[in-house]
2 protein chains.
Amino acid sequence: MEINVKIPKTRNGKATFKLIVDTAVELFYVQGYHNTSIGNITTNAGIAAGTFYLYFPNKLTLYKYILMEFQHDIRKRIAEKVSLVEGRFEKEKEGIKTFINYAIENPHSYNIIWESLYIDKQLFSDYYQGFAKRYERGLEQSIKDGEMCEVDTELVSWILMGVSNFVGLKVLLKLGTDKGSADQVVDQVMNIIKTGIFK
Amino acid sequence: MEINVKIPKTRNGKATFKLIVDTAVELFYVQGYHNTSIGNITTNAGIAAGTFYLYFPNKLTLYKYILMEFQHDIRKRIAEKVSLVEGRFEKEKEGIKTFINYAIENPHSYNIIWESLYIDKQLFSDYYQGFAKRYERGLEQSIKDGEMCEVDTELVSWILMGVSNFVGLKVLLKLGTDKGSADQVVDQVMNIIKTGIFK
DNA sequence: CTAAGATATGAATAACCTTTCATGTTGTGA
DNA sequence: TCACAACATGAAAGGTTATTCATATCTTAG
């Protein structure tokens with residue numbers, strides 16, 4: 001995806017650029033993309049309306065820039081964490097745990113990624129398809145290693161995304177009475193995935 | 001939730017009301033809530049701008065009305081289907097199957113329900129909390145009946161919602177190469193939920 | 001037939017939003 | 001110090017949108 005962002009060249013420029021991005025992230029989170037105007041962003045950032053256009057041609061481009069930052073960030077973090085443990089089950093567990101923890105620590109990113117479905121369906125579709133593809137590779141390896149049953153890896157990857165997204169959502173919305181930390185929630189989740197829920 | 005809708009009294013009025021609702025459902029689905037203006041709706045419906053305000057005070061109220069219609073519809077349909085089968089496992093299976101089939105047959109409703117997160121967070125939260133509560137009751141019964149392991153029913157209900165929502169999403173986005181009908185996908189999903197995925 | 005309530009119209013208003021641009025300021029390499 | 005590129009400003013133009021309201025038409029009970 002090509003993004004038409006003007007990268008600033010001086011320290012001052014970089015600071016203003018970051019100010020715009022940070023302000024937008026906060027506003028998108030609090031009031032949503034569509035309810036946030038460029039005037040909103042510049043006013044909250046304490047800069048003039050025209051300054052925005054020094055760096056971004058429009059709001060959508062700013063949004064895409066932010067989305068890509070988060071995507072890169074979350075994937076990098078999951079890859080790092082997963083590489084530190086051995087065994088497919090442990091890797092899956094670490095991946096889900098990292099995702100949920102990331103969602104809790106960065107509710108902004110979680111919110112902004114989901115919102116893409118209502119900004120540009122293609123962005124959303126690309127994002128989850130990309131995520132699924134990564135999952136599939138790992139799952140196929142697990143099956144080869146004899147650690148996992150013969151399952152439809154594509155379907156299972158969507159199931160696992162659904163599980164982690166909704167458990168993250170539950171924690172995020174602060175719904176219900178959570179017994180303990182995210183790590184404990186993830187342990188429970190993994191037990192369920194491992195053994196199933198029916199007798 | 002109180003909704004400030006003026007219910008029409010004559011046959012003509014009812015027809016116009018329905019026309020507004022149907023047009024809005026279609027437009028919200030195709031171009032999203034935020035990209036749909038009231039002018040859009042009235043033009044597409046072939047009525048005057050002012051006519052809209054005979055029945056709805058604003059766009060948000062119309063949206064809430066539509067959302068409640070869909071919620072009622074989907075819950076009713078799941079309850080009906082679930083009541084026709086015996087055994088907790090079969091009931092869960094039927095519930096998930098009905099949900100996914102509903103999503104496929106009514107992509108409009110699926111889309112509109114998710115969008116609530118970006119229109120009014122409370123609406124979204126209420127919706128899924130309500131859904132979760134229903135699930136929990138069923139799950140508790142299953143545990144009593146000895147059909148299900150001792151699990152955190154609240155957590156499991158969110159897991160099941162995540163699974164069905166994302167599998168529905170996958171099918172909806174027409175991602176990947178789906179082998180067979182929704183029913184077959186659901187059979188696979190239920191097998192996974194039943195026995196877990198790890199050896 | 002007629003009065004009244006229900007329904008429908010669309011021009012007008014006011015608010016808000018994006019984007020441009022002429023002008024001004026700042027920082028820095030030579 | 002000076003010249004120049006980078007950065008910043010905010011008023012103004014031009015567009016879109018929500019909402020109101022004076023007016024008109026339809027429907028039906030009596």
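Not measured: the values here are computed from a predicted model. Naming: A, B, ... by sequence-line order, numbering from 1 per chain. Computed from heavy atoms alone, side chains included, the values below leave out hydrogens, waters and symmetry copies.
For B/Ile7 and B/Gly50, each mapped to the nucleotide of DNA chain C holding its nearest heavy atom, the one lying further toward the 5' end belongs to B/Ile7. Between B/Phe52 and B/Asn12, the residue anchored nearer the 5' end of DNA chain D, judged by the nucleotide with its closest heavy atom, is B/Phe52.
Note on A/Tyr55: only backbone sugar-phosphate atoms sit closer than 4.0 angstrom, heavy atoms only; bases stay farther off. Among the heavy atoms of the strands, none lies under 4.0 Å from A/Phe56. Residue B/Thr10 is in sugar-phosphate contact alone, with no base atom involved, counting any heavy-atom pair closer than 4.0 Å across all strands shown. Residue contacts for A/Gly39: at a heavy-atom cut-off of 4.0 Å it reaches the sugar-phosphate backbone alone, with no base atom in range.
Annotation: cation-pi geometry satisfied between B/Lys121 and A/Tyr29 (NZ/CZ under 6.0 angstrom from ring centroid, within 45° of ring axis). Cation-pi contact between A/Lys6 and A/Phe56: absent, since separation from the ring centre below 6.0 Å together with deviation from the ring axis within 45° is not met. Note that B/Lys59 lies in the cation-pi zone of B/Tyr33, set by a 6.0 Å cut-off to the ring centre and a 45° limit from the axis.
In this view, B/Glu94 satisfies the salt bridge (Lys or Arg N to Asp or Glu O under 4.0 Å) rule with no residue, not counting sequence neighbours. In this structure B/Asp120 satisfies the side chain to side chain donor-acceptor pair (under 3.5 Å) test with no other residue, sequence neighbours excluded. Every residue two or more places apart in sequence or in another chain that forms a side chain to side chain contact (heavy atoms under 4.5 Å, CB included) with B/Asp187 is listed here: B/Lys93, B/Lys97.
Reading DNA chain D from its 5' end, the first and the last nucleotide to sit under 4.0 Å from a heavy atom of chain B are D/dT17 to D/dT27. Where DNA chain C meets chain B (any atom under 4.0 Å from a heavy atom), the bounding nucleotides read 5' to 3' are C/dA6 to C/dG10.
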Verdict with reasoning, B/Thr61 to B/Asn58, per side-chain hydrogen bond (donor to acceptor under 3.5 Å, both in side chains)
CA-CA 6 Å; B/Thr61 302; B/Asn58 49 51; 2.8 Å; yes

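For B/Tyr63 (side chain) and B/Ile112 (main-chain N/O), a donor-acceptor pair under 3.5 Å exists by modelled atom type.
Residue A/Ile7 is grouped with residue A/Ile47 when hydrophobic side chains (ILVMFWY) are merged at heavy-atom distances under 4.5 angstrom, including chains of intermediate members.
In plain terms, the two heavy atoms of B/Thr51 and B/Thr16 that are nearest each other are CG2-CG2, 3.9 Å.
Listed in residue order, the members of residues 27-38 of chain A having a heavy atom less than 4.0 Å from DNA chain C are A/Ser37, A/Ile38.
Between B/Glu105 and B/Arg77, at least one side-chain nitrogen of the basic residue sits less than 4.0 Å from a carboxylate oxygen of the acidic one, meeting the salt-bridge criterion.
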